[in-house]
Structure formats: structure tokens, C-alpha cells
*Asks:* 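Below is the structure I would like to discuss, written out as C-alpha cells.
Keep in mind that what you see is a predicted model, and the values were worked out from it rather than measured. Note: hydrogens, waters and symmetry copies are ignored here, and every other heavy atom, side chains too, is used.
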Amino acid sequence: MSKAPSVTIAVLTYLRPDDIGAALPRLLEQAQKYGGRAQILVVDNDPEGSAESMVSKFAGAQLHYVVEPTPGIAAARNRAINESETDLLVFIDDDERPTPDWLRHLVTTFEKHPATFGVAGSVQSEFAGEPDPWIIAGGFFERLNPPTGTQLQAVATNNLLLDRRVLMSTGLRFDEEFGLSGGSDTMFSHQARQLGLNFRFCREALVHDVVPAERMTRQWSRNRSYRMGNSWSRTSLAAEPSRFGRAAIRLRYTAGGAARVVSG
């Protein structure tokens, strides 16, 4: 029987002590149940280290805490890559709650598909209250949920396993130019595909995304959709080396955006 690959579960946090306090018991349970070596890494993106007092309540050999003072989620993601020393690196958000066999499903899917670089899991939103029917009708919090094993063009880091050995051998990192504006994970996806790396999906590796009341508004949903579309366009242009290719992307996305406006 082959030895299970070692895993670091990286959870990034910024000024959300209650969320990290709710996430850590569940993540530690995942690490303790795992069949190989596993640890939890908390990367606090607050230069003041505001999460330390909460994290210290769960101190143990499997839990590590670092502060990344450089603003932006890309810098925090890169810090997680550099701090971990395991075969695999798993990213999850501090406001997400994994289902009981989440980690096992991610690793199993990774092992079933040779030459896979990353595995993205399912994310389902859980609302803190009753959302506006307009938000539900618009599908703003719905995510793709293809069959397990499906290859993906782009991934987000809110539920993502990566082969850290490949990260270290290729030098692939998250572009910090997109750290504050958003889109660093999308740019990461573009660059990974250019290197010939591939991503797979795992439907069973489910996490629940806790949506607070302040995000359950029409304005927040519109802003989020605009930001996501803008990030995809910017990163697609940044990843395209050809001037003619960038012109084609602008034309295609302009036409697509106009169609969406008419449809909306």
C-alpha cells in the first residue's frame, strides 16, 4: 500500500477572528483523520497579527501561524506556498466549512488522475438569512458543479488542492499585481495552462461558504459579478503574448459583454 502524500491545509485570514475561530476545529479534525502527515497553516494578512489570539486557543503540533504583512491575497497565497514543506498544498477560505470527508476526496481524486496539478472542490453557499429573491433568481451564488474528474480551464483558491512539488519545480506563483484588485487565482490558472498543467474537479470535496447579511444585497451581487468579469478580461489579456491575440480577446469579450447587457 502506497504512503499517503503529506498535506498542508492553508487558510488565509484578514480581520475575521470569528470566522477563523469557527474554521479551525473543523480543519484540525480533517488533519487528524487524514491517513498521512497533515498540518494546518494560518496565514494572517493583517500586519498587526490580529488573528493570533484566536489561533493560539487551538495551539498544537499540527497548527502553524504566520503573519504576511504585504497587503493582498496573492502575497498571502505565496507565503503559504513558501511556508509549507509537504507534497500537497490545499487552500480554503476562513469563512468556509468543510464536509466530513472533504480532504480525503480531494486527495483521492488527485491520486486517481496521474499528471494532475490541481483539484478544485465543490462550494455551496449558506445564507445567514433569507436572501432577496432577485439574488436567487439571478444565480449570483451558484457555481459550476460538473462530474468528478472533469478538466477545468480556471480555478479559484477557495477550495483547491495543488501539487506543491510542481509549484516548487516550476516557480509558479500568484501574481501580486492582482493581489488587491482581484484575479490573481485566474491569472494563476492561465499561467498554469501555459505550462501544460491541468486541473480536475471533485464534486464530493464539498465546502459550505457562509454568506453574511452584508453580502446578501443586490448592490454587492452586482459589484461581485462586475469584478469577476473584469478580472477574467484583465488576466486573459495579461496572459496573451500576441498583440493580435489581445485584439481578438478585446473584440470577443466586448461582443460577449454587449450580449449579456441585452440579455439582462
Side-chain angles (χ1 to χ4, degrees), residues 5-12 41 43 68 70 72-93 96 103 105-123 143-203 205 207 227-242 245-246 248-249 252-253:
S6 56
V7 178
T8 295
I9 302 173
V11 53
L12 316 182
L41 173 65
V43 181
E68 175 47 57
T70 303
I73 194 167
R77 289 168 178 153
N78 289 335
R79 180 66 180 273
I81 294 172
N82 296 331
E83 287 285 339
S84 58
E85 298 179 348
T86 50
D87 300 322
L88 306 178
L89 175 62
V90 178
F91 284 106
I92 186 172
D93 287 353
E96 291 178 332
L103 181 60
H105 286 304
L106 281 177
V107 176
T108 298
T109 300
F110 172 80
E111 293 183 316
K112 280 185 177 179
H113 297 277
T116 293
F117 169 54
V119 177
S122 300
V123 180
R143 297 168 172 89
L144 294 176
N145 195 31
T148 294
T150 300
Q151 290 207 38
L152 303 175
Q153 292 296 305
V155 293
T157 57
N158 54 349
N159 184 7
L160 178 66
L161 175 151
L162 296 172
D163 189 334
R164 185 181 172 275
R165 297 161 295 192
V166 174
L167 285 170
M168 301 311 292
S169 65
T170 60
L172 183 62
R173 294 293 187 273
F174 293 90
D175 192 333
E176 296 188 20
E177 286 191 17
F178 297 90
L180 294 174
S181 63
S184 61
D185 47 3
T186 307
M187 188 65 184
F188 180 87
S189 301
H190 288 306
Q191 293 173 330
R193 292 203 320 274
Q194 288 174 344
L195 292 171
L197 305 175
N198 69 86
F199 300 98
R200 301 270 180 177
F201 187 75
C202 180
R203 179 179 287 184
V207 301
R227 184 174 68 252
M228 291 171 64
N230 189 49
S231 295
W232 180 260
S233 301
R234 290 180 61 228
T235 56
S236 297
L237 289 168
E240 173 54 55
S242 162
R246 290 192 294 272
I249 289 172
R252 184 168 69 250
Y253 287 177

*Asks:* Can you measure from CZ (Phe199) to CG (Leu160) and round to the nearest 0.5 angstrom?
*Replies:*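 Between atom CZ of Phe199 and atom CG of Leu160 there are 6.5 Å.
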*Asks:* Under the side-chain contact (heavy atoms from CB on, under 4.5 Å) test, which residues partner Ala10, sequence neighbours left out?
*Replies:*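 Applying side-chain contact (heavy atoms from CB on, under 4.5 Å) to Ala10 gives Ala80, Leu89, Phe91.
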*Asks:* Whether the side chain of Arg173 engages the backbone of Leu167 through a donor-acceptor N/O pair (distance < 3.5 Å, no angle test) should be reported.
*Replies:* yes
*Asks:* Write down the atom of Ala156, the atom of Asp185, and the distance for their closest heavy-atom approach.
*Replies:*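 For Ala156 and Asp185, the tightest heavy-atom pair comes out as CA-OD2, 3.4 Å.
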*Asks:* Does Asp87 use its side chain to pair, donor to acceptor, with the backbone of Ser6 at less than 3.5 Å?
*Replies:*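 It does hold such a pair.
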*Asks:* Does any donor atom in the side chain of Thr8 or Arg164 lie under 3.5 Å from an acceptor atom in the other side chain?
*Replies:* no
*Asks:* Measure the spacing between CD of Glu85 and CG of Asn82 and express it to the nearest 0.5 Å.
*Replies:*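 Between atom CD of Glu85 and atom CG of Asn82 there are 11.0 Å.
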*Asks:* Please examine the side chains of Phe188 and Thr157, heavy atoms only from C-beta on, and report whether any two atoms are closer than 4.5 Å.
*Replies:*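 With C-beta onward as the side chain, the pair stays apart.
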*Asks:* Is any side-chain heavy atom of Leu12 less than 4.5 Å from a side-chain heavy atom of Ile73?
*Replies:* yes
*Asks:* Can you find a side-chain donor-acceptor pair between Arg200 and Thr109 that sits under 3.5 Å?
*Replies:* no
*Asks:* Where do Val166 and Ser169 come nearest, in terms of heavy atoms and distance?
*Replies:*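 So the two residues come closest at O-OG, 3.1 Å.
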*Asks:* How far does NE2 of His113 sit from OG1 of Thr108, to the nearest 0.5 angstrom?
*Replies:* 10.5 Å
*Asks:* In terms of side-chain heavy atoms, does Asn78 have a donor or acceptor partner in Glu176 at a distance below 3.5 Å?
*Replies:*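 A pair is found: one side chain offers a donor N or O, the other an acceptor, under 3.5 Å apart.
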*Asks:* How long is the gap from NE2 on His105 to OG1 on Thr148, to the nearest 0.5 Å?
*Replies:* 8.5 Å
*Asks:* Which heavy atom in Val119 sits nearest to a heavy atom in Cys202, and how many Å separate them?
*Replies:* CG1-CB, 3.7 Å
*Asks:* For residues Asn198 and Arg193, determine if any side-chain heavy atom of one lies less than 4.5 Å from a side-chain heavy atom of the other.
*Replies:*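 In short, these two side chains do not touch, never coming nearer than 4.5 Å.
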*Asks:* Could you walk me through whether Met168 and Ile81 pass side chain to side chain contact (heavy atoms under 4.5 Å, CB included), step by step?
*Replies:* CA-CA 8 Å; Met168 301 311 292; Ile81 294 172; 4.1 Å; yes
*Asks:* Are any side-chain N or O atoms of Thr116 and backbone N or O atoms of Phe110, one a donor and one an acceptor, separated by less than 3.5 Å?
*Replies:* no
*Asks:* Taking side chain to side chain donor-acceptor pair (under 3.5 Å) as the test, write out the residues that go with Asn145, two or more places apart.
*Replies:*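 Counting only residues at least two positions away or on another chain, Asn145 forms a side chain to side chain donor-acceptor pair (under 3.5 Å) with Ser122.
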*Asks:* Please check if atom CD in Gln151 has more than 12 non-hydrogen atoms from other residues, nucleotides or ligands closer than 6.0 Å.
*Replies:*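 Counting neighbours around CD of Gln151, more than 12 heavy atoms of other residues, nucleotides or ligands fall under 6.0 Å, so yes.
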*Asks:* Using distance alone, with no hydrogens and no angle criterion, decide if Ser184 and Asp175 have a side-chain donor and acceptor under 3.5 Å apart.
*Replies:* no
*Asks:* Compare all side-chain heavy atoms of Val7 with those of Val90 and state whether any distance is below 4.5 angstrom.
*Replies:* yes
*Asks:* Is there a side-chain contact between Leu195 and Phe117 (heavy atoms, below 4.5 Å)?
*Replies:* no
*Asks:* Say you draw a straight line from CZ of Phe201 to CG of Leu144; how long is it, rounded to the nearest 0.5 Å?
*Replies:*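 Taking CZ in Phe201 and CG in Leu144, the distance rounds to 8.0 Å.
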*Asks:* For the atom pair CG (Asn158) and CD1 (Ile92), what is the distance rounded to the nearest 0.5 Å?
*Replies:*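 The distance works out to 8.5 Å.
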*Asks:* Between Pro5 and Val107, what is the shortest heavy-atom contact and its length?
*Replies:* CG-CG1, 4.0 Å
